[in-house]
S.K.: 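Got a structure here, written out as structure tokens. Questions coming.
Quantities reported herein were computed from a predicted structural model and do not represent experimental measurements.
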Amino acid sequence: MKWAGGKKQLLPEIVKRLPESILDSGEIEYYFEPFVGAGAVFFYLMCNFNIKNAYISDINKELILVYNVIQKDPEKLISILHELEDEFLKLDTPNRKKYYLNLRSEFNKQLETFDFNNYNDENILRASKTIFMNKTGFNGLFRLNRKGEFNVPFGKYKNPTICDEENIINDHNILKNVNIKNASYLDCEELINNESLVYLDPPYRPLNKSSSFTNYTGNEFKDKEQIELSEFYKRINKKDAKIILSNSDPKNTDSEDNFFDDLYSDFNIERVNAKRSINSNAKKRGTITELLIKNY
């Protein structure tokens, strides 16, 4: 999935900061990622380390639906995506836009009656629409309004890959025995123990009003929620779990802003270089610093 805030380009910085015991042994007993998003860190670790027990979650129902479908029915998903791809790519740009908007409208109307709690073939069809819109919508954004409706406009891509069959099969193989939940980060707290590695990648605190993009789910994640997350961090720290948290660095725009430095003053705060890749103004896509906060 294309995903705002995805961690692919920050992976090297995260991986080299893993606990030495994990880097030496190549093994992780329990892995938790409760803001999984597109899962760049999760998929990398699953491919390069022996993870005995993995738990991923997100409050985004549509995203978790996609993960569940890839886990359970990759072949059916691939078949539907091929159909969508074949229909879409043969159209000219005006008709592609019409096709996209019609599918988006159907997707949003279905939200009123869709049963996210019981798995069936309707889940496969809905997941295919989510992936289709993610690959053909503007800038690869996934954005929901307060009603939970997908509201990303059409993106003018010449030849988008809508069905990446090989990738879906590879993801399926990785996800076979993974515990996947549509849940708040709080739901995994009781499961975390002293053999756990926890990676927390919440919606980033915006550096300014124009850079605010926290509505992956229709729910906002403001300073109050960031403070609540820091309390969760401190609670699981007491369980002797190993924790890494990533977030924006307020000092990019205000050198006096100590919001995270104060919240996590008892822990190891590092500033690492990152590139801002999603911005409508190309001139504002550049190197900034982000925070990686560890408890070890």
S.K.: Can you tell me how far the CG atom of Leu84 sits from the CE atom of Met133, to the nearest 0.5 Å?
M.R.: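 Reported to 0.5 Å precision, the distance equals 10.5 Å.
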S.K.: Is there a side-chain contact between Phe49 and Leu18, using heavy atoms and a 4.5 Å cut-off?
M.R.: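 Yes, their side chains come closer than 4.5 Å.
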S.K.: Considering non-hydrogen atoms only, spot the tightest contact between Ala183 and Ser57 and give its length.
M.R.: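 The pair with the smallest heavy-atom distance is O-OG, 4.0 Å.
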S.K.: Say whether, by atom type as modelled, one donor and one acceptor occur between the side chain of Glu75 and the main chain of Ile169 under 3.5 angstrom.
M.R.: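 Not at all, since once roles are kept as given, no pair shorter than 3.5 Å links the two residues.
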S.K.: Set out, in order, the CA-CA distance, both residues' side-chain angles and the distance that settles side chain to side chain donor-acceptor pair (under 3.5 Å) for Tyr119 and Asp73, then state yes or no.
M.R.: CA-CA 11 Å; Tyr119 188 89; Asp73 284 299; 2.7 Å; yes
S.K.: Working to the nearest 0.5 angstrom, can you tell me the gap between Asp86 CG and Cys163 SG?
M.R.: 9.0 Å
S.K.: In the single-linkage hydrophobic clustering (I, L, V, M, F, W, Y; side-chain heavy atoms under 4.5 Å), do Leu65 and Val152 co-cluster?
M.R.: no
S.K.: Go through it in stages, so that I can follow the logic: the residues are Lys234 and Glu231, the test is salt bridge (Lys or Arg N to Asp or Glu O under 4.0 Å), and I'd like the CA-CA distance, side-chain angles, deciding distance and then a yes or no.
M.R.: CA-CA 5 Å; Lys234 292 166 187 174; Glu231 295 302 321; 3.8 Å; yes
S.K.: Would you check if Leu229 and Tyr185 make a side-chain contact, meaning some heavy-atom pair closer than 4.5 Å?
M.R.: yes
S.K.: List the atom of Ile56, the atom of Phe42, and the distance in Å for their closest heavy-atom pair.
M.R.: CG2-CD1, 3.5 Å
S.K.: What I want to find out is whether Lys222 reaches Glu225 closely enough, with some N-O distance under 4.0 Å, to be called a salt bridge.
M.R.: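 Salt bridge: no.
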S.K.: So Ile22 and Lys242, do their side chains get closer than 4.5 Å, heavy atoms only?
M.R.: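 A side-chain contact under 4.5 Å is absent here.
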S.K.: Has the side chain of Ser248 got a donor or acceptor atom that lies under 3.5 Å from a matching backbone atom of Tyr204?
M.R.: no
S.K.: Using side-chain heavy atoms (C-beta onward) and a distance below 4.5 Å, is Asn123 in contact with Phe114?
M.R.: yes
S.K.: I'd like to know if Lys90 pairs up with Glu87 as an ion pair, taking the criterion as any Lys NZ or Arg NE/NH1/NH2 lying under 4.0 Å from an Asp or Glu carboxylate oxygen.
M.R.: no
S.K.: On a heavy-atom basis, which atom in Leu111 and which in Gly148 lie closest, and how many Å separate them?
M.R.: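 Closest approach of Leu111 to Gly148: CD2-O, 3.3 Å.
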S.K.: List in chain and number order the residues that pass salt bridge (charged side-chain N to carboxylate O under 4.0 Å, His left out) with Glu122, two or more places apart in sequence or in another chain; answer none if no residue qualifies.
M.R.: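 Scan of Glu122 (salt bridge (charged side-chain N to carboxylate O under 4.0 Å, His left out), adjacent residues dropped) gives none.
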S.K.: Would you sort out whether Lys109 and Ser105 count as a side chain to side chain contact (heavy atoms under 4.5 Å, CB included), showing the intermediate values?
M.R.: CA-CA 6 Å; Lys109 286 179 181 177; Ser105 178; 3.7 Å; yes
S.K.: Pair Ile243, Tyr296 - check side chain to side chain contact (heavy atoms under 4.5 Å, CB included), show working.
M.R.: CA-CA 8 Å; Ile243 316 163; Tyr296 54 90; 5.9 Å; no
S.K.: Mind checking whether Glu189 and Ser184 have side chains closer than 4.5 Å, heavy atoms only?
M.R.: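 The answer is no, as the side chains (C-beta and beyond) never meet within the 4.5 Å cut-off.
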S.K.: Start with the C-alpha gap between Arg271 and Leu291, add the side-chain angles, then the distance that decides, and say whether side chain to side chain contact (heavy atoms under 4.5 Å, CB included) holds.
M.R.: CA-CA 5 Å; Arg271 287 173 163 83; Leu291 301 178; 3.5 Å; yes
S.K.: Apply ring-ring contact (aromatic ring centres under 6.0 Å, His included) to Tyr30 and Tyr55, showing your working.
M.R.: CA-CA 8 Å; Tyr30 297 94; Tyr55 174 106; over 10 Å; no
S.K.: Let me confirm one number: the CG-CG distance from Asn68 to Asn182, rounded to the nearest 0.5 Å.
M.R.: 8.5 Å
S.K.: So which heavy atom on Ser246 is nearest to which on Pro202, and how close?
M.R.: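 It is O-CD, 3.4 Å.
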S.K.: Do Phe150 and Phe142 make the cut of ring centroids closer than 6.0 angstrom?
M.R.: yes
S.K.: Walk me through it: do Ser196 and Asn193 pass the test side chain to side chain donor-acceptor pair (under 3.5 Å)?
M.R.: CA-CA 6 Å; Ser196 302; Asn193 60 29; 3.0 Å; yes
S.K.: Salt bridge or not between Arg126 and Glu62? Use side-chain N to carboxylate O under 4.0 Å.
M.R.: yes
S.K.: Are side-chain heavy atoms of Ile14 and Val272 found at a separation under 4.5 Å?
M.R.: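 No, too far: nothing below the 4.5 Å cut-off.
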S.K.: Mark yes when over 12 heavy atoms from residues, nucleotides or ligands other than Lys97 sit less than 6.0 Å from its NZ; otherwise mark no.
M.R.: no
S.K.: Could you check whether any side-chain N or O of Ser79 sits under 3.5 Å from a backbone N or O of Lys76, counting only pairs where one atom can act as donor and the other as acceptor?
M.R.: no
S.K.: Output yes when a side-chain donor or acceptor of Asn134 lies under 3.5 Å from a complementary backbone atom of Lys2, and no otherwise.
M.R.: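 Such a contact is found between Asn134 side chain and Lys2 backbone.
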S.K.: Which one of Asp257, Asp249, Asn247 satisfies the side chain to side chain donor-acceptor pair (under 3.5 Å) criterion with Arg205?
M.R.: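 Among the candidates, only Asp257 passes.
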S.K.: Nearest 0.5 Å please: distance from the CG atom of Asn50 over to the CG atom of Leu45.
M.R.: 12.0 Å
S.K.: Which heavy atom of Leu186 sits nearest a heavy atom of Arg235, and at what distance?
M.R.: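 So the two residues come closest at CD2-NH2, 3.5 Å.
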S.K.: Could you go through Tyr233 and Phe267, starting from their C-alpha distance and side-chain angles, then the distance that decides it, and tell me whether this counts as ring-ring contact (aromatic ring centres under 6.0 Å, His included)?
M.R.: CA-CA 10 Å; Tyr233 188 109; Phe267 304 103; 4.8 Å; yes
S.K.: Can Lys61 be said to sit on top of Phe116's aromatic six-ring, NZ or CZ under 6.0 Å from centre and within 45° of the ring axis?
M.R.: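 Yes, cation above the ring, under 6.0 Å and within 45°.
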S.K.: Test your reading of the model: is there a side-chain donor-acceptor pair from Asp58 to the backbone of Ile64, 3.5 Å cut-off?
M.R.: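 Between the backbone of Ile64 and the side chain of Asp58 there is no qualifying donor-acceptor contact (under 3.5 Å).
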S.K.: Does Asn151 form a side chain to side chain donor-acceptor pair (under 3.5 Å) with Asn145? I'd like the steps, not just the answer.
M.R.: CA-CA 7 Å; Asn151 65 356; Asn145 63 22; 5.7 Å; no
S.K.: Stepwise, does the side chain to side chain contact (heavy atoms under 4.5 Å, CB included) test hold for Thr136 with Arg96?
M.R.: CA-CA 9 Å; Thr136 59; Arg96 283 186 180 187; over 6 Å; no
S.K.: With side chains defined as the heavy atoms from C-beta onward, is the minimum distance between Lys147 and Asn108 less than 4.5 Å?
M.R.: no
S.K.: Regarding Glu228 and Lys224, does a basic nitrogen lie under 4.0 Å from an acidic carboxylate oxygen?
M.R.: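 Yes, this pair counts.
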S.K.: One thing to verify: whether Lys181 and Asp187 come together as a salt bridge, which I'm taking to mean a side-chain N less than 4.0 angstrom from a carboxylate O.
M.R.: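 Not counted as a salt bridge, because no side-chain N and carboxylate O are separated by less than 4.0 Å.
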S.K.: Please determine whether side chain to side chain donor-acceptor pair (under 3.5 Å) holds for the pair Asn95 and Asp92, giving the CA-CA distance in whole Å, both sets of side-chain angles, and the decisive distance to 0.1 Å.
M.R.: CA-CA 6 Å; Asn95 282 308; Asp92 59 18; 3.0 Å; yes
S.K.: Do Tyr31 and Tyr199 have side chains that approach each other closer than 4.5 Å (heavy atoms only, starting at C-beta)?
M.R.: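 Yes, at least one pair of side-chain atoms sits under 4.5 Å.
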S.K.: Could you report the tightest heavy-atom contact between Asn295 and Ala241, atom names first, then the distance?
M.R.: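 Between these two residues, the closest heavy atoms are ND2-O, 2.8 Å.
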S.K.: So how far is it from Ile244 CD1 to Glu33 CD, rounded to the nearest 0.5 Å?
M.R.: 10.0 Å
S.K.: For the atom pair CD1 (Ile192) and CG (Asp240), what is the distance rounded to the nearest 0.5 Å?
M.R.: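 Ile192 CD1 to Asp240 CG: 12.5 Å, rounded to 0.5 Å.
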S.K.: What ring pair (Phe, Tyr, Trp, His ring centres under 6.0 Å) pairs are there with at least one residue in residues 154-175, not counting sequence neighbours?
M.R.: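 The answer is Tyr100-Phe154.
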